[in-house]
Number of protein chains: 2
Amino acid sequence: MSPSKSRTDALMAGEELSSAAQRERRKRIVDATIALASKGGFDAVQMRAVADRADVALGTLYRYFPSKVHLLVSSLGVELERAQEKMDRATVPGDSPYERVLFVLGRITRGLQRNPHLTEAMTRAFTFADASAGAEVDRVAWLMESMFTRAMSDEEPTDEQKAIARVIGDVWLSNLVAWVTRRATATDVANRLELTVRLLLK
Amino acid sequence: MSPSKSRTDALMAGEELSSAAQRERRKRIVDATIALASKGGFDAVQMRAVADRADVALGTLYRYFPSKVHLLVSSLGVELERAQEKMDRATVPGDSPYERVLFVLGRITRGLQRNPHLTEAMTRAFTFADASAGAEVDRVAWLMESMFTRAMSDEEPTDEQKAIARVIGDVWLSNLVAWVTRRATATDVANRLELTVRLLLK
DNA sequence: GCTAGAATTAGAACACGTTCTATAAACTCC
DNA sequence: GGAGTTTATAGAACGTGTTCTAATTCTAGC
């Protein structure tokens, strides 16, 4: 049992999938998840539907991702990485950390708001995650924070900068949740983020 | 249908329950929810179990609270009100808004950490809520913010104070989520909150 | 190639949130 | 105090996340 278990862990983390076939299966699953989430949000990501669309048996889906939350949070990680890569290719404009952080924040936020269902699905999965998905959640949280610290300066971030990035991430997430549940408009979100960044960085 | 619907809305909001029997039923339901949540967290709050324990039929439970999330968020509101009342009876010590906010924050946080399962249940319900529970969620968010603005000063809060209270609430919630999912220790939470309040109020 | 173990498949089975149905009890208004 | 309406009850039924089973296909090492 022990060797099989460590193999499964590797599948979950997505590292070093033994065969090309497995890497492809995993990709098909994530793609199916993103497609379904984009169309109908959290509720539309039904495990049977994901399995069908990825052309994989239900049992296989569960072997790769042990729950719907794992699946969605992992997919969010994939999406964030893509966004980060795009961001890396262009220099962030702005003369101060304040301006640069605002720029990055505005850009990601607009990106998310362009795909409300997907955002709803991932946000809800992220905040609903329980301890068992801790690793995946941590990874996403880390990706988010490093987006902001990178915008603040090119150097290794100071502790203070890390703390600020974390606060911004927290506020960002909770505004996203408010937007997703229609308790805040896109304008509300933009205003609150700007206000927060001003309080912290100006 | 229209009169029956507005009646149901009143039940949900908990205002003006026509008869004493109904007010008692509602209380039994909330109490059962809190008891079950305290014992086993979100997963232990099973609708059939709540109904059994409150000595109410499943259909009745759903007539009072249209979903598990409504039920838990409403119960969180009840709990927060109790905490606020307690807080109101004692004067908050501290010479500056900084100190007073930290005091309030520390006190509520310690209170929540004393009952981890209950906190887990309510936090997860709160962040998992969808648009249909918007009203309940808003009420809780407002209760949280007003706790902090009250600590900052006795007067009507300024816009800036409201903004700060909101940011603190956001950070607080997201740290609670991290703690509940065991991605942060109680000490982490305390440190991060103090750091946040310092960044904002000092 | 052959065999043991691992991975995959199709589909049944189970758990819990939610909805529905039929009946009984409680309330309202005359 | 009776007719009509609303509310409550017991329990079946349904949907979707998750687990389990039995059979099949793949893969690695000989």
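In what follows, chains carry the letters A, B, and so on, assigned in the order in which the sequence lines appear, proteins first and then strands, with residues in each chain numbered from 1.
- Here A:I164 contributes atom CD1 and A:L199 contributes atom CG; the two are 11.0 Å apart, rounded to the nearest 0.5 Å.
- Annotation: of the two residues near DNA chain D, B:R28 and A:V45, the 5′-most nearest-nucleotide partner is B:R28.
- In the set D:dA10, D:dT18, C:dC16, D:dT18 carries the atom at the smallest distance from any side-chain atom of A:R48.
- Residue B:Q22 places at least one side-chain N or O under 4.0 Å from the OP1 or OP2 atom of D:dA8.
- One atom, CG of B:L36, and another, P of C:dC16, lie 13 Å apart when rounded to the nearest Å.
- Comparing A:L58 and B:V69 by the nucleotide of DNA chain C whose heavy atom lies nearest to each, the residue mapping closer to the 5' end is A:L58.
- Looking only at side-chain heavy atoms (C-beta outward), A:Q113 and A:V189 come within less than 4.5 Å of each other.
- For the pair A:F128 CZ and D:dG17 C1', the interatomic distance rounds to 11 Å; values are reported in whole Å.
- Here the P atom of nucleotide C:dG17 and the CG atom of A:D43 are 15 Å apart, to the nearest Å.
- One finds no salt bridge joining A:K27 and A:E24 here, because no Lys/Arg side-chain nitrogen approaches an Asp/Glu carboxylate oxygen to under 4.0 Å.
- One interatomic measurement links the two molecules: NZ of A:K68 to P of C:dG17, which rounds to 15 Å at whole-angstrom precision.
- Taking the side chain of B:T60 as heavy atoms from C-beta on, and the options C:dG17, D:dT9, C:dT8, the nearest nucleotide is D:dT9.
- For D:dT9, its base never sits under 3.5 Å from the side chain of B:R63 at any donor and acceptor pair.
- Set against D:dG17, D:dA8, C:dT9, the side chain of B:R25 has D:dA8 as its closest nucleotide.
- The separation between B:M47 atom CE and C:dC20 atom C1' is 16 Å, rounded to whole Å.
- As a whole-Å value, the separation of B:F42 CZ from D:dG17 C1' is 13 Å.
- Checking C:dT19, D:dT9, C:dA10 against every side-chain atom of B:V56, the shortest atom distance belongs to D:dT9.
- The OH atom of A:Y62 sits 9 Å away from the C1' atom of D:dT16 (whole-angstrom rounding).
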A:R139 and A:E136: CA distance, side-chain angles, deciding distance, salt bridge (charged side-chain N to carboxylate O under 4.0 Å, His left out) verdict:
CA-CA 5 Å; A:R139 201 175 96 82; A:E136 285 80 357; over 6 Å; no
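- For C:dT8, the OP1/OP2 oxygens have a side-chain nitrogen or oxygen of A:Y64 closer than 4.0 Å.
- Between A:R198 and A:E194 no salt bridge is recorded (no basic side-chain N to carboxylate O distance below 4.0 Å).
- Across the protein-nucleic acid pair, A:Q46 atom CD and D:dC14 atom P stand 17 Å apart, rounded to whole Å.
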